[in-house]
There are 2 protein chains.
Amino acid sequence: MGRDGRPTRDKILAESKALVFENGFSGTSIDQILERTGITKGAFFYHFKTKNALARALIEEFAREDIFHMNEALKKTENLKEKPLERLLQFIQEFIDMMCEVEDPYSCLYASYTYEPSQFDEETLNHIAETMLTWRTTMELLIKDVLEKYDPTVDVDIKSLADHTVVIFEGAFVVSKALKGRDLTADHLKHLRNYFQLLFKPKKTTG
Amino acid sequence: MGRDGRPTRDKILAESKALVFENGFSGTSIDQILERTGITKGAFFYHFKTKNALARALIEEFAREDIFHMNEALKKTENLKEKPLERLLQFIQEFIDMMCEVEDPYSCLYASYTYEPSQFDEETLNHIAETMLTWRTTMELLIKDVLEKYDPTVDVDIKSLADHTVVIFEGAFVVSKALKGRDLTADHLKHLRNYFQLLFKPKKTTG
DNA sequence: AATTTTAAACAAACTAGTTGGTACAATAAA
DNA sequence: TTTATTGTACCAACTAGTTTGTTTAAAATT
C-alpha cells in the first residue's frame, strides 16, 4: 500500500472551490490550483483525470452537503409534524439561523456553473437541476401538509411556491456578492418566512 | 465623413453578450466573437482597446437598459401616486407582464460578472453595485409612500424589503437557467406581489 | 479626405494535459 | 529479519495548442 491521498484530494477540492468563486471555472487555471495547494501538476492529474472531472467532483460534493443540510433541517423540525405551518416556518428559521453565522457573502456553485454552462458536460449540469428538484419535492411536501389545515389567503401555484425558497437563496447570494458587503441571505429568508406566515390561515372547516 | 462604425460595434456587443451567457466572460474568446460577428481582429480592437473594455461597455449598456425599464415602469404607474400600495403592486405587475413575454430563461450580466469577479476591474464591478443601489433607492421610495398610509402586518426592515425585488429577479434567473425550462421569473415576481399585498393593511388613524 | 474594415503575420504568455521517473508504505518471500 | 515486490502518491520538465493583443499596409465606405 502507498500513502494516503485523501488529504491532497481534499485540499484540491477546497482550494478549487474558493478559486472558482473568485475567477469562475474557466477563469481558474490548473496552475493557480497548484500554486494554492502547493502540489504539482502530476499530483493534480493523478487525482482528477481532466479539469472537467474536478468540476464534477466539486459539484457532487457541494450538492451532497446542500442536501445534507436540507435533510438536517427536516429532521430538526420533525417534532412539529402535527403543526405543519409551524414546521414550515421553523424549517426556514433553521436556515436563517445558519446564515446568520456567515459574515462574508456566501457563494453557490449552482449559480457559478449556471452562468457558464458550456464549460460543463450534460451530467454535471443535470446534477444541479436534479438537486434543485430535490429541494422542490421537499418544499412541496411541507407545503401540501400545510394546505390540509390551512387555506392560502391568495391564489398560489404550489410548484412555484416550492421553488421560491431556492430562488431566494440564489438571489440573495448574487446580491450579497454584487454589493460586496455582508451576507444578506438571512434577511431575505426572513421575508420568505413572513410570506409563508401571511399566506396561510386556518381552514374554515365546513362541518 | 468616414463610414459609420456603429452597426459593427452594436453587433460586437450583441454577440458578445450572448456568448458571455453561454460561456462566461473568461470562457469567451475574442476569436469566438470574431467568428459569430464575421468581423476581423483589427475591427474588434479598433472598437475596443482591450477585452476588458468590452466587458465595461457590455455592463454599461445592460445597466442602462435595466434602469430604463425600471423608470418606464415608474412612469407607467405615476397615475397611481395617490394610491401607493396599488402603485407598488402595479409596478411589480409591469415586470410580470414583461417577463411573461419571455420564453427562454432570461440571463443577467450582473450575476454573470458577480460569479467571476476577479476578471473585471473595480470600476466595472462598482457599476453593478451602483445599479443595484439605484433599484434599492427606487423601491425604498415606493415602499415609504406605502408606509404613510399602511402598517406592515409583520415587522420588516425597509432596506432589505427594498432589495428583495432584485433578489427575486436574480434568483429566478439562476433557477430558470439551471432547470433548463421556460423562464420562471414572472411566477416568482407574482409571489413578491403577493407578499407586498399581504404585508400592508390600512393604517388605524388615531384621530 | 477621414473613418472604418480587411488580411495576415507575429509575439509573449498562458493553457490543459503528458511523460518518465521517484518516494513511500505495506506485504510477501527467503 | 532481511530482501524483493507491488501499487499508490507524487514530482519536474515538456508538448502542443490557445490566449490577448500588436503591427502593417491596403482597401472600402461615406
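So you know, we letter chains A, B, ... as the sequences are listed, proteins then strands, and number each from 1.
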>> Looking at D:dA9, I'd like to know if its phosphate oxygens (OP1 or OP2) sit under 4.0 Å from a side-chain N or O belonging to A:Y46.
In response: yes

>> Without decimals, in angstroms, what is the distance between B:R9 CZ and C:dT5 C1'?
In response: 16 Å

>> Please report whether the ring centroid of B:Y115 lies less than 6.0 Å from that of A:Y113.
In response: no

> What is the distance, rounded to the nearest whole Å, between atom CD1 of B:I39 and atom P of D:dA28?
Replying inline: 18 Å

>> Ignoring hydrogens and geometry beyond distance, is a side-chain donor-acceptor pair present between B:D121 and B:T124 at under 3.5 Å?
In response: yes

>> Walk along nucleotides 14-20 of chain D from 5' to 3' and tag each nucleotide B, S or - by protein heavy-atom contact under 4.0 Å, base first, then sugar-phosphate.
In response: -----SB

> Hey, is the side chain of A:H47 poking within less than 4.0 Å of OP1 or OP2 on D:dT8, counting only N and O atoms?
Replying inline: no

Under 3.5 Å, side-chain donor or acceptor atoms of residues 137-145 of chain A against the rest of the protein: list the pairs with distances, not counting sequence neighbours.
residue: A:T137; atom: OG1; partner: A:L133; partner atom: O; Å: 2.9
residue: A:T138; atom: OG1; partner: A:T134; partner atom: O; Å: 3.1

> In this structure, are over 12 heavy atoms from other groups packed under 6.0 Å from B:E72 atom CD?
Replying inline: yes

> Taking the nucleotide of DNA chain C with the closest heavy atom to each, which residue, A:G27 or A:K49, is nearer the 5' end?
Replying inline: A:G27

> Distance from B:L184 atom CG to B:Y106 atom OH, nearest 0.5 Å?
Replying inline: 15.5 Å

>> I need the CZ-P distance between B:R6 and D:dT29, as an integer number of Å.
In response: 18 Å

> Of all residues at least two apart in sequence or in a different chain, which pass the ring-ring contact (aromatic ring centres under 6.0 Å, His included) check with A:F95?
Replying inline: A:F91, A:W135, A:F169

